[in-house]
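Residue numbering restarts at 1 for every chain, and letters A, B, ... go by the order of the sequence lines.
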2 protein chains.
Amino acid sequence: MATIWDVAREAGVSPSTVSNVIHGRPVVKPATRQRVLEAIAKLDYHPSRVAQGLRQQTSRAIGFLVLDPNPRWPADPLHAEVLAGLSEIATEHDYSLLLDRPPGNGQLTARELLQPFRSGQIDAAVVALAGTSDSHQHVLDALNQAGVLFAVLEREIEGECAYSVMGANEDGAYAATQKLLRDGRRRIAFLDSTQMWPAIELRLSGYRRAMREAGLEANILISPSPDWTSAGGATAMLNLLARCEREGPPCPDAVLAGNDVLAVGAMHVLRERGLRIPADVAVIGFDDFEFARYVDPPLTTVRLPAYEMGKRAAELLIAHLEGHPASQRRHVLPTELVVRQSG
Amino acid sequence: MATIWDVAREAGVSPSTVSNVIHGRPVVKPATRQRVLEAIAKLDYHPSRVAQGLRQQTSRAIGFLVLDPNPRWPADPLHAEVLAGLSEIATEHDYSLLLDRPPGNGQLTARELLQPFRSGQIDAAVVALAGTSDSHQHVLDALNQAGVLFAVLEREIEGECAYSVMGANEDGAYAATQKLLRDGRRRIAFLDSTQMWPAIELRLSGYRRAMREAGLEANILISPSPDWTSAGGATAMLNLLARCEREGPPCPDAVLAGNDVLAVGAMHVLRERGLRIPADVAVIGFDDFEFARYVDPPLTTVRLPAYEMGKRAAELLIAHLEGHPASQRRHVLPTELVVRQSG
DNA sequence: TTGAAAGCGTTACCAT
DNA sequence: ATGGTAACGCTTTCAA
């Protein structure tokens, strides 16, 4: 592997000059530049990002730090969309993207999240943490205190350096519930999960608010899935139906699912039970992932701009690194009710 | 940020000793080790991976190099599953995972793919290239010649350093087509795409072989999607139906889709046209992504073990890096026909 | 068992 | 316009 010294020797100049050429500094005179470029091409020289990183104390990489109990998290459509957005922007600005899943499956320590920063692997990170919105708060505080640059997804944040990129989850769930209420639905159930996720609390809260305002607080009915898979959604729906049959509250006439993946599982169960969608039970999902419009009946859902959120987060961080911090710390991207045929 | 010198000073030892402690070398005597560990904790010291990388000429990172015209590639379920497998194994072995999309949208150059290796960012890479199986061959040859370690997905490979991880695409498509033939289907169409992908050629070839062996070569009918989205699948299906109505070959009684994403779009169109699945038209997909069993009717499909392929690729590379090269270069993971109700 | 010093490949300052 | 050189933080001989 050729080094800058090899190039310098080949071109009959000093490493400093080669460096100047690499960085396009206008000090080198054309003839010299030419010779250096030829030497670079001839030796197939690539500057070592590692050495550059050590010298300049910067890595030109951003991290995607995900704390999720599910090892298959990248296969979750929401994560995947965010990742796509991050990757898009990173590539565009010649930044690398480092995927990092902190090892601790149990309690997350600040040390673990700080590790990639401290070890010089990344200049900034996008952080997505499972759990309730107040869990891991100490970790975020620690990141803030450490003065590292990061953007957190779907969470409110205090502190100086952090950005926060969120979807309007509360609004979205409120709008969806209202739509169901307008359609005459009264027994609207919500499918959430025992595995908490910050955005879910907000979605739940939007649902609750709409129910409360409609004077239907007594009808609030929540069934948890064990995870965020369609299989889990099916289980949650099954449990819900069983509970209603057993304990008396009549079957729901509508279901608002915590996300589309759950909704798909729930619809499957409803169909199997011979319940018509939306005639007997309306279903509304959340996220508007690619397949929402292709399930049968096409899924009415609240669109969350996950791809755009990924892009925004990356843009904020990179701009900040390049000396253009945004004035807004908190970025809320709008959600939108996409009415199809399931509810 | 504390350096190894700070720790050394704090513990009253030399940097060498701190280094020895960090790497768990048994030369340091317990009392010293203790003092060093305390200093590390006190200063919240993290060794710089960058400096380590520079010194040891190794990065402890593997790259996922994806050449795909679609910027949203991580949202494709297949990619996402592979990525999940890679991430799982990388984390397990304390390797970082670097996502890299070469900038060139047009013709890929070897230089671009070599860049992350040469610049010391990664020790090895998993490579996924869109295009036909012979396109970009020169690039893979160049990688081989450069002596870098990599595993290529869904492609045959010659050469010394490369691994190849594939699914049994030809087998899977052959089995699926045979199943349709056994069920009495005769006019079986295949949905592929103008955007080629190595695995698709094999799937297509399995389909062709089965049709040929059944003496139905004349019935081979192929409709391309403009991309690999469900919307594209719908377009391909629409075009197919239009062509049949216009030009005479009777409507297909079965569709083998290049992948599940396409299949979902195709099913949507069939339903809209009032065609019953599978009574009028059977549909079989490919991949068995999470939602295959939840569409209506549940999708019969060829399961491709994408998650396992990701894991395998990462395992091979990491084992190789740690001095345990596998004897097998070429790894073919089996596919399996999952019969549900669509075909 | 521990320490001193060279070197990994680059950049940035200071000379020339 | 170009070159010399120290420094980035670490590991690795080699010597003590």
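Of the residues in residues 14-33 of chain A, those with a non-hydrogen atom less than 4.0 angstrom from any atom of DNA chain D are A/Ser14, A/Ser16, A/Thr17, A/Val27, A/Val28, A/Lys29, A/Thr32. Shown for residues 52-60 of chain A: residues whose heavy atoms fall under 4.0 angstrom of DNA chain D, namely A/Leu54, A/Arg55, A/Gln57. Listed by residue number, the members of residues 42-50 of chain A with any heavy atom below 4.0 angstrom from DNA chain D form an empty set.
In this structure, A/Asp6 atom CG and C/dC8 atom P are separated by 11 Å, rounded to whole Å. Distance A/Trp5 CH2 to D/dG3 P: 10 Å, rounded to the nearest Å. The distance between atom CD1 of A/Ile4 and atom P of D/dA7, rounded to the nearest whole Å, is 19 Å.
Closest of all the heavy-atom pairs between A/Val50 and B/Gly53 is CG1-C, 4.0 Å. Closest approach of B/Val13 to B/Val36, counting heavy atoms only: CG2-CG2, 3.9 Å. The shortest heavy-atom contact between A/Asn144 and A/Ala162 is OD1-N, 3.7 Å.
Remark: B/Arg330 is not positioned above the aromatic ring of B/Tyr163, lacking an NZ or CZ atom under 6.0 angstrom from the ring centre and at most 45 degrees off the axis.
Looking at heavy atoms from C-beta onward, A/Phe117 lies out of side-chain contact with A/Ser59 at the 4.5 angstrom threshold. For the pair B/Thr132/B/Trp197, no side-chain contact is recorded, criterion being any heavy-atom separation below 4.5 Å from C-beta on. Using a 4.5 Å heavy-atom cutoff, the side chains of B/Val82 and B/Phe64 are in contact. Put simply, the side chain of A/Ile62 does not reach to within 4.5 Å of the side chain of A/Ile122, judged on heavy atoms. B/Ser19 places a side-chain heavy atom less than 4.5 Å from the side chain of B/Arg25.
Between A/Asp68 and A/Arg101, none of the side-chain N atoms (NZ, or NE/NH1/NH2) sits under 4.0 Å from a carboxylate O, so this pair counts as no salt bridge.
Note on the helix from C/dT1-D/dA16 to C/dT16-D/dA1: angle between the axes of the first and last five pairs equals 40°, rounded to 10 degrees.
Every residue meeting the side chain to side chain contact (heavy atoms under 4.5 Å, CB included) condition with A/Arg155, not counting sequence neighbours, appears here in chain and number order: A/Leu129, A/Ser135, A/His136, A/Gln137, A/Leu140, A/Val152, A/Pro198. Scored by the side-chain hydrogen bond (donor to acceptor under 3.5 Å, both in side chains) test, B/Arg49 finds B/Asp94 as partners (sequence neighbours excluded).
A distance-only check finds a donor-acceptor pair linking the side chain of B/Asp6 to the backbone of B/Thr3 [under 3.5 Å].
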